[in-house]
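The next block holds one structure in the form of structure tokens; read it before the comments.
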Amino acid sequence: MKLATWNVNSLTVRLPQVLDWLQANPVDVLALQELKLTDDKFPHEAFAQAGYTAQCFGQKTYNGVALISRTPALDVVKNIPGFDDDMARVISGSFPLGETPVENSTNESTLPLSNKGLRVIGAYFPNGQEPGSDKFEYKMAWLDGLRAWLRQELLTHPNLVLMGDFNITFDDADVWDPEGMRDQIHCTDEERYHLQALVALGLSDAHRLFPQPAKSYSWWDYRDMAFRRNRGLRIDHILVSRALKPLVSACQIDKTPRKNERPSDHAPVVLSLDTP
DNA sequence: ATGGCCACTTGCAGTGGA
């Protein structure tokens, strides 16, 4: 089973690339961020023709997230319950863990789907703009809200994946120029504290479970030929719960779409799970 | 060596991204 996350920076512009990518990488679930479109403009038909269904949580101009999947997402929740937010940043859904089960009404497990299934949270974390700014304060409050909610979610959904554009680096290994970016946005101690607090809930950075190429990044500035010079940041992450960790067989950043014409500034990250 | 971004807006300059 494969899951992926990708900040597409406008689904309107990037839809052909997303469809091409899905054809080459037929993942079971794809979380998208920065749709930059409203729900009424979401291209459901294009995804249906590609064999996918979609749950979207759109917003005009900014933000907007979606879950694209082979089987429909169940128990869909939008944003963070308990955290009042006027931005569309989070979408969650449940999926069968592994192969789509054969229908059998006479032999149903007594376990609710939430316990045996896979809970997927796709998230577009706030950027924060600049330490000390109002947007940074919002980012910190949002992270507090996320953690309080996740602590509860993990109790009811032991098989949980949190993936998306976190807009935070774990440490200097995620930064092309650690000295130049010290205490800058995405690299501050406060942001990294929040990321470690998610780890303390029992979530593991899937990328670091495996040997990775040196200087692995998921985002490169459009300016200064940053991609060709590999001047990037690793800010797109896939975190897995304790129960899922033993099933993770790979986690890879796919730089291929960043080489497209008119690419997103982010690359997709792909998680492979060894499921029955 | 150096500078060069991109998407969106009741739009043609300003905001936000990262």
Side-chain angles (χ1 to χ4, degrees), chain A residues 5-18 21 31-43 56-66 85-90 122-143 146 163-192 194-195 207 215-238 253 255 257-269:
Chain A
T5 177
W6 194 4
N7 179 323
V8 291
N9 184 19
S10 169
L11 185 58
T12 307
V13 174
R14 236 65 69 183
L15 178 62
Q17 295 183 41
V18 174
W21 190 83
L32 298 177
Q33 301 90 39
E34 279 210 89
L35 307 180
K36 296 187 175 180
L37 50 74
T38 46
D39 287 354
D40 58 301
K41 302 242 170 51
F42 191 91
C56 70
F57 182 29
Q59 182 183 329
K60 187 180 170 69
T61 311
Y62 306 113
N63 312 310
V65 288
D85 197 351
D86 56 3
M87 303 193 199
R89 294 190 173 278
V90 187
Y124 176 46
F125 289 42
N127 174 295
Q129 204 163 58
E130 190 183 353
S133 67
D134 289 349
K135 292 193 171 71
F136 191 84
E137 293 310 307
Y138 163 71
K139 184 175 194 172
M140 296 300 109
W142 188 94
L143 287 162
L146 175 73
M163 60 182 174
D165 176 359
F166 283 54
N167 273 318
I168 307 174
T169 56
F170 275 91
D171 51 42
D172 287 352
D174 291 342
V175 184
W176 73 275
D177 180 13
E179 291 308 318
M181 294 204 64
R182 192 161 304 288
D183 300 325
Q184 306 276 48
I185 196 65
H186 310 121
C187 305
T188 66
D189 290 342
E190 295 116 294
E191 292 165 280
R192 287 175 176 175
H194 277 283
L195 201 42
H207 182 266
K215 304 179 189 300
S216 285
Y217 308 127
S218 66
W219 171 89
W220 302 261
D221 201 298
Y222 283 120
R223 293 168 288 192
D224 304 327
M225 295 192 298
F227 180 68
R228 266 200 274 172
R229 296 158 124 170
N230 197 29
R231 296 182 167 187
L233 302 172
R234 191 173 72 96
I235 51 176
D236 300 86
H237 305 299
I238 301 181
I253 299 169
K255 291 166 74 168
R258 190 62 176 78
K259 299 165 186 167
N260 290 343
E261 278 185 52
R262 286 190 87 187
S264 168
D265 41 356
H266 295 255
V269 186

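Note: hydrogens, waters and symmetry copies are ignored here, and every other heavy atom, side chains too, is used. Proteins come first, then strands; the chains are lettered A, B, ... in the order of their sequence lines, and each starts at number 1.
None of Ile168(A), Asn127(A), Val175(A) except one satisfies the side chain to side chain contact (heavy atoms under 4.5 Å, CB included) rule with His186(A); the exception is Asn127(A).
Between Ser10(A) and dC6(B), a side-chain N or O to OP1/OP2 separation shorter than 4.0 Å is absent.
Remark: the separation of the P atoms in dT10(B) and dG16(B) is 13 Å, to the nearest Å. Between dC8(B) and dT2(B), the distance separating the two C1' atoms is 30 Å to the nearest Å. Atom C1' of dC12(B) sits at a distance of 15 Å from the matching atom of dA7(B), rounded to the whole Å. dC6(B) and dG11(B) have their P atoms separated by 24 Å, given to the nearest Å. A distance of about 25 Å separates the P atoms of dG3(B) and dA18(B), rounded to the whole Å.
One atom, CZ of Arg262(A), and another, C1' of dC6(B), lie 9 Å apart when rounded to the nearest Å. When rounded to the nearest whole Å, the span between CD of Glu261(A) and P of dA7(B) equals 12 Å.
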Quiz item: Can you give one letter per nucleotide of nucleotides 10-18 of chain B, going 5' to 3': B for a protein heavy atom under 4.0 Å from the base, S for sugar-phosphate only, - for none?
Solution: S-----SBB
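Comparing Leu35(A) and Arg228(A) along DNA chain B, the residue whose closest nucleotide (by nearest heavy atom) sits nearer the 5' end is Arg228(A).
Tyr222(A) and Asn9(A) share a side-chain donor-acceptor pair at under 3.5 Å. A side-chain N or O of Thr5(A) and one of Gln33(A) form a donor-acceptor pair less than 3.5 Å apart. Side-chain contact annotation: Ser218(A) with Asp236(A), donor-acceptor N/O pair under 3.5 Å present.
Using a cutoff of 4.0 Å between basic side-chain nitrogens and carboxylate oxygens, Lys135(A) and Glu130(A) are not scored as salt-bridged.
Residue contacts shown for Arg231(A) are absent, as no nucleic acid heavy atom lies under 4.0 Å away.
In this pair, Phe125(A) and Phe166(A) present their aromatic rings parallel. The plane angle is below 30°, not in the 30 to 60° band.
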